[in-house]
Amino acid sequence: MEFIADFHIHSHFSIATSRELDPEHLDYWGRIKGIKVVGTGDFTHPGWLAELKEKCEPAEAGLLRLKPEYRVNDDGCPSETADNSVRFILSAEISTIYKKGDKVRKVHHVILAPDFETVEKIQQSLSRIGNITSDGRPILGLDSRHLLEIALEASERIFFIPAHIWTPWFSALGDKSGFDTIDDCYDDLASHIHAVETGLSSDPPMNWRCSFLDKYTIISNSDAHSPQKLGREANLFNTELSYSAITDALASGDARQFLGTVEFFPQEGKYHHDGHRKCNISWDPLETARYDSMCPVCGKKVTVGVMNRVMQLADRNEPEKRGNRSPFYSMIPLKEVLSEILKVGPNSKKVTREYHDLIRKAGSEFNVLLHLPLGQIHQVGGEVLAEAIRRMRAGDVHIKEGFDGEFGVIKVFTEDELKKIGGQSFLFDSLFSADSGKKEAKIIEVDQKAKKKTKESVIPFRPEHKKSMSENPLENLNSAQHEAVEHGAGPALIIAGPGTGKTHVLTCRVYNLIHHKNISPDKILAVTFTNKAAGAMRQRLQRMLAEKEQAEPVTISTFHALGYHMLKEQRGRGAGLFEKDSEPVIIDPEDKKQILLKEIGCDKKQFSGVSEAITQAKQNLLGPEKVEDKFVAVFYQKYQDYLSEHHLLDLDDLIFQPVRLLRSDPAILSHYRRQFAWIMVDEYQDVNFAQYQLIRTLMPDVHANLCVIGDPNQAIYGFRGADVRFINQFIRDYPGSRVYKLQTSYRCSDNILQASGQVVAVEESEPASMLQGVQEGVKIQISVHPTDKSEAEFVARTIERMMGGLRFFSMDSDISTGEGTDQEHGFSDFAVLCRVHSQIPALEKAFRDHSIPWQEVKNQSFFKQKTVCDILDILQLTVNPENSYLAQKIKNIKIFNDTKFRKLKKLLEKPQLVKQSLGTIIDVCYSNNEREDSEFLFKELFRHSEDFGDDIQGFLKFVMLGTSIDTYRSDTEQVSLMTLHGAKGLEFNCVFIVGCEDGLLPYSLYQDRRCDRDEERRLLYVGMTRARRFLYLTHAKKRFLQGRHYTLARSPFLETIEKELIETSQSQYQKRTKKPADRQPTLF
DNA sequence: ATGTAGAGGCTTTTT
DNA sequence: GCCTCTACAT
């Protein structure tokens, strides 16, 4: 049968849509319009899905229909017949925002789904990535390709359509944030795309000019935000009624099944032409090229429209050359035609009355617009209307193109003709001659030159691609960096402020030693604090060296991994703590707690004191016998005995024991002194006494080849035993040392460097920042807000504004002008930093309300979660089946028992990928039911294990010595939410530091705990210097924290910043209210 | 053994 | 505000 379908609409769960978008009214308006198949829209929204399930029932395969009891009937709408009954097809629009190739991409997609099951699977996958409940059209920080993958994973039968592909800000080919081809957008999965949606601003001939679109069926939908707008663009079919028949027709574009599209006149769109609204300049792309895009009135660049974008990508002048062209029918909504004739607004009572009258007589709007013979229109609507429809069907209309946000105007009659009509009646004498000058469709030449120019300027600049392997990496260093890198033998201290290229210098130095000074790579040791830093350094070194393998012998390791390595190595030789055949197992603080409480009999009340005392003793290299507090000493002794009996090492032991070993065994000591002849230490300001002694023990000589790098201003781990003193006394420890200072920051603007320098300079005499930025930058924004909630709202809105508007809604409201700032931002360019984790919930709520995707860097590592921990413990035991502690610990795991263990042991005997081992453990231990709740944890676990191949030991080490920051993803498009401590080592274009209040910064809410004001200053310093360009410091007058209301003053640290560097403001934001639906933009 | 009301706590945490 | 621990009840 022949029918009309409109797939892309929204529900009342979407922001800025009509409340009437419910199944009842979609059915009602579907009948009025004459649309057989209506997309449900918004299937990602759980609330909408529930409503659909409740109010609809299954119809033909893959389609739904409204349950009869919900049907709305009144005299404005034809009552239901077999002919005009409406079907629903599950559909949704999803917005993805992400960075790819240095450009921010905002692409919208329409998905059709065959059944509720598929939809629920998609919901499940997406809910893990972002918030799908706040808006019917969810905004996700997700690659387009990845979204397609998720949809395909849910079902092979989904139908995936790039939405309104030419819209500048939100589409696959959009000028502002899209790609140049559909393939670029979906990469290797692009073959799954079979149709594209043209949107209101383009018609098929425009699309026919792009040969790369030839393989796609060109379809059109309304993107309706109210039921009245249903079907303003739509698709014509001649198939049976079923999901698969429809999607097959869409995929093939077969002319017998897909009969074409109903279109708006694209010129009516707000951005059809190029131009300037203020200067009243409206150009077609040719004129724009002639004027070199410069507005002759104001001299600025004109706003480029959709037509121009099409021309940029077009490669043929004759649209008709495209082979598979489906027919298309340019339409004007009936109410607009009536409005023109009656000379009153399209939503006026008069027009509405006439409209419904016509529908009653003619059956449906599409029947009038498309099918009804003119004679019959004459009968039911009068001669003028018949003439109007005739002209419209013939394309004989008067067009004024839209430009720069100004809607275009399409008229059927001229002013003169309208005067004659007088808006009185439809029954007039013949007023019109048949040939009122049909306009030739203008074909615009593709300006090859202009096109080429645009294409070139689009290529993103990627500095890392500039450097080829063969080039000398040392060439790009500045002079201070160069000197530091060139430093040869003897001790060196490099003071390196934020963004001065610390890691780069360190890596270059290693490269230089190997490449130019002929130092054997295996003599070099580089020590870092985090796995991440160690990994980054190894990667960079591999890239620098001509042959990757040359980097292999260099020891690049964290302090703890180094210690562990030394202990294992010496055990292998029969020295050190444990017998040769027993693998030491690392335990985490949780294990330590359990041992102290359960095995040693430490009282719960005393536990934390004892535990901390043991840590301190170990960090000070004191064994139990040297601890003065006898009470602690007893527990310490018992604890230590327990650990060695069960071959366990706690984290402090990984430093403490190696130092002991080195000091007690001259042979071992000289072995390592010979091996590590060149040592480099990163983040030296953060070493504690034990780490300091480890290095001192390895390199006691004042002329040692020891190079340390760090920044005393970034010492923020004093509370954990780190001591800035050691970096400050380095030149006394090694009197022959040279000092290098890196003072050019390639990260922060001058403003930020100066301000942060002033914050951290305690002494008046001390010169403020010695650092130089590469650009002056913008002023630092300090703002005060009534409460923590309004502070969070400010952050969310500012991000939204800087992103250039997330959705059409905010583009039209005052939140965003659509211009954004002078540069493109993705969500990953933003970080919000706070002093304590408990500040985070208020921010999360604001992000949820604004549909901004975020990721929180939690203090709890992924691997410390109960379920994950259990699996890892089991894996650990299969590797170390002899370990008595593990064996005992495993007994407490509910899902595990001896039978399962024996089974596992057999299955895991053969060497295999870590991923497979984990999979086997999960299979054996969990029933299908139990699995479901944790499925995403397992997936995540698999993902992490993939890097390790079959190296189970390596994986376990990573897990034991890894932290939350190791699982932090910098490549996903999400705003980062973390504590100031967590932000160390990271950088962002835009940073918000919230809660700059006396009490939070410095932290002194609980007076009894002493706080180190200087360390708090440095903490703010670290936070501020994470920002490249934009820095916002905010504080709230009233703050709700941990169940109490506080009234806190502005942080005294802010007072130290010079007034010239800052701009202060008050919160302007009130509570957000939903806009009335009639103010929604009509174009999209 | 388990349930539950009431009190008392509350930073930051590279491994 | 919310989690954890404790004491006392079932």
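Protein chains get the first letters and strands the later ones, always in sequence-line order, with residue 1 at the start of each.
- Nucleotide B/dT12 holds its P atom 15 Å from the CE atom of A/M978, rounded to whole Å.
- Looking at the side chain of A/V836, the nearest of the listed nucleotides B/dT11, B/dT13, B/dT14 is B/dT11.
- Atom CZ in A/F607 sits about 13 Å away from atom P in C/dT6, given to the nearest Å.
- With distances taken from any side-chain atom of A/F1040 to the nucleotides C/dG1, B/dT13, B/dT14, the minimum falls on C/dG1.
- Regarding A/L1019, its CG atom lies at a distance of 7 Å from the C1' atom of B/dT12, rounded to whole Å.
- Nucleic acid contact class of A/F559 (heavy atoms, under 4.0 Å, all strands): none.
- Using a 30° and 60° split on the angle between ring planes, A/Y684 and A/F730 fall in the perpendicular class, above 60°.
- Residue A/H1045 places no side-chain N or O under 4.0 Å from the OP1 or OP2 atom of C/dG1.
- Side-chain proximity of A/T979 to B/dT13, B/dT11, B/dC10: nearest is B/dT13.
- Nearest to the side-chain atoms of A/R720 among the listed nucleotides B/dT14, B/dT12, B/dC10 stands B/dT14.
- Within the 4.0 Å cut-off from OP1 or OP2 of B/dT14, not a single side-chain nitrogen or oxygen of A/H560 is found.
- Taking each heavy atom of A/L651 and A/H560 in turn, the nearest pair found is O-CD2, 3.3 Å.
- Of the candidate nucleotides B/dT14, B/dT11, B/dC10, B/dC10 has the atom lying nearest to any side-chain atom of A/R1044.
- Of the candidate nucleotides B/dT12, B/dT14, B/dC10, B/dT12 has the atom lying nearest to any side-chain atom of A/H981.
- Nucleotide B/dT13 holds its C1' atom 14 Å from the CD atom of A/Q616, rounded to whole Å.
- Between the CG atom of A/D788 and the P atom of C/dG1 there is a distance of 12 Å, given to the nearest Å.
- Among the nucleotides B/dT14, C/dG1, B/dT12, the one closest to the side chain of A/F719 is B/dT12.
- In this structure, A/Q691 does not reach the B/dT14 phosphate: none of its side-chain N or O atoms is under 4.0 Å from OP1 or OP2.
- As a whole-Å value, the separation of A/L1020 CG from B/dT12 P is 17 Å.
- For A/F1040, the ring-ring contact (aromatic ring centres under 6.0 Å, His included) partners at least two apart in sequence or on another chain are A/H1045.
- A salt bridge (Lys or Arg N to Asp or Glu O under 4.0 Å) check over residues 708-717 of chain A, counting only residues at least two apart or in different chains, returns nothing.
- The aromatic rings of A/F847 and A/W854 lie tilted to each other, with the angle between the two planes from 30° to 60°.
- The OH-C1' distance, from A/Y1046 to B/dC10, rounds to 8 Å in whole Å.
- Distance, A/K593 NZ to B/dT13 P: 17 Å, rounded to whole Å.
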